[in-house]
There are 2 protein chains.
Amino acid sequence: MSAEAKQLAEAREEFVAQWGAMGSQWGINRTMAQIHALLMTSLDPISTDDVMAELQVSRGNAHTNLKELVAWGLVRVVVKKGERREYFEAEKDVWQIFTIVTRERKKREIEPALAVLNRCSEGTKELKTPEGRAFHDQVKQLEEFVGFASKVADKVGSMKHGFAIQMAAKMLG
Amino acid sequence: MSAEAKQLAEAREEFVAQWGAMGSQWGINRTMAQIHALLMTSLDPISTDDVMAELQVSRGNAHTNLKELVAWGLVRVVVKKGERREYFEAEKDVWQIFTIVTRERKKREIEPALAVLNRCSEGTKELKTPEGRAFHDQVKQLEEFVGFASKVADKVGSMKHGFAIQMAAKMLG
DNA sequence: ATCGCGTTTCAATATTTTCTGAAACTTCAA
DNA sequence: TTGAAGTTTCAGAAAATATTGAAACGCGAT
């Protein structure tokens, strides 16, 4: 192996390892994040067995997390003609990745919160005691804010790359 | 207990329980989220013993998570004159809560990612093989995007309530 | 200096989450 | 129909996280 190839292999290994470690901070499991890192930096689609070999994980683990990435929409299944084996390739466009993660986080984090807040706010609407009113008001404020965040997430998630960059640039400027 | 008081107690209990369950989804531990819910909907500051009684958790657990909330800046310590015991009260303004969480998430999620990306991008700058270039380019794109997100987070985290609402309204309109 | 009251720490334990490995299943070609 | 190649599932094992409970600690009053 040439010096260049070695340098690349090292950098990639670090990227995969660190991205995996970060997965935890993000509430995403380590293997899933590592596979994602591996796929994002692979020129060609790779198979379950490749993942097993690269990351030293079991077939079950590799399989489950590949399919989870496919469910998120961050990874696509690729079939090579004349081969039965499935290959996988990642979405590489960073804006696409961002919108996918935004949609997914909205679904997992914002929507359930909103449902809880709606319920608690509705159920205390006509309370008359000071404690009851205070509770209702606080929950209502949270509800309104989270509802608003939900709309923002929708908007951002449906923006085209160029438009988003333009808007953000204006905001930062 | 009156019917109103019962209704309130029930609603609050549900809010605390559900907010706690959601903590997991958010990568925040359940007790911490429950304490936060409790404090956000409490008119008066409450003590460690109150938390232990309400949530049926140990002193150590209550203590650790209260202090963690204080470290985040979501909760303040209150000393009542003539009392040695510490009481705690939550920040109740939703925009304040949002900016605090934004800052904290930036610190925990965005900054470490950026550090990794910087390192991996720097370390592969002068690779010449197609694989090396592809890796460098992909990492660089991620780096640029995350760096951008970092700036946006700073900006949003330092906005005044009114200004942010105005801007977001324009964006959604 | 000692006591009483509250805070803090931490080793042991419990719970939750992730991972493994093997069996069951599917599909397709012979 | 059989079997080779690949995929999927899942019960049990391992690892990571959260929680307990009790001891150590800090501090002001006596």
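Every chain is numbered from 1 and lettered A, B, ... according to where its sequence line falls, protein lines coming before strand lines.
Atom CG of A:L55 is separated from atom P of C:dT18 by 16 Å (rounded to the nearest Å). Spacing between atom OH of B:Y87 and atom C1' of C:dC5 amounts to 13 Å, rounded to whole angstrom units. Rounding to whole angstrom units, CD of residue A:E68 and C1' of C:dT18 are separated by 13 Å. The NZ atom of A:K67 sits 20 Å away from the P atom of C:dT18 (whole-angstrom rounding). If you measure from atom CZ of B:R84 to atom C1' of D:dA29, you get 9 Å, rounded to the nearest angstrom. Spacing between atom CG of A:D50 and atom P of D:dG6 amounts to 12 Å, rounded to whole angstrom units. When the P atom of C:dG6 is taken as reference, atom CD of B:E83 falls 8 Å away, rounded to whole Å.
Counting heavy atoms of neighbouring residues, nucleotides and ligands inside a 6.0 Å radius, atom CZ of B:R76 exceeds 12 of them.
With C:dT8, D:dA5, C:dC5 as the choices, the nucleotide that has an atom nearest any side-chain atom of B:E86 turns out to be C:dT8. For B:H63, counting side-chain heavy atoms from C-beta on, the closest listed nucleotide (D:dT7, C:dT7, D:dT8) is C:dT7.
Counted by atom type alone, A:Q138 and B:T41 present zero donor-acceptor pairs between their side chains at under 3.5 Å.
Distance check, rounded to the nearest 0.5 Å: CD1 of A:I97 to CD of B:Q141 gives 9.0 Å. Here CG of A:L8 is found 6.5 Å from CZ of B:F135. Values are rounded to the nearest 0.5 Å.
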- Message: Across nucleotides 11-21 of chain D, 5' to 3', mark each nucleotide with B, S or - according to how protein heavy atoms within less than 4.0 Å reach it.
- Response: -------SSBB

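Contacts of B:R85 with the nucleic acid, taken as non-hydrogen atoms under 4.0 Å apart, involve only primed sugar atoms and P, OP1 or OP2.
With sequence neighbours excluded, the residues forming a side chain to side chain contact (heavy atoms under 4.5 Å, CB included) with A:A90 are A:L39, A:M40, A:V75, listed by chain and number.
If you chain together hydrophobic residues whose side chains sit under 4.5 Å apart, A:V156 and B:M159 never meet in one group.
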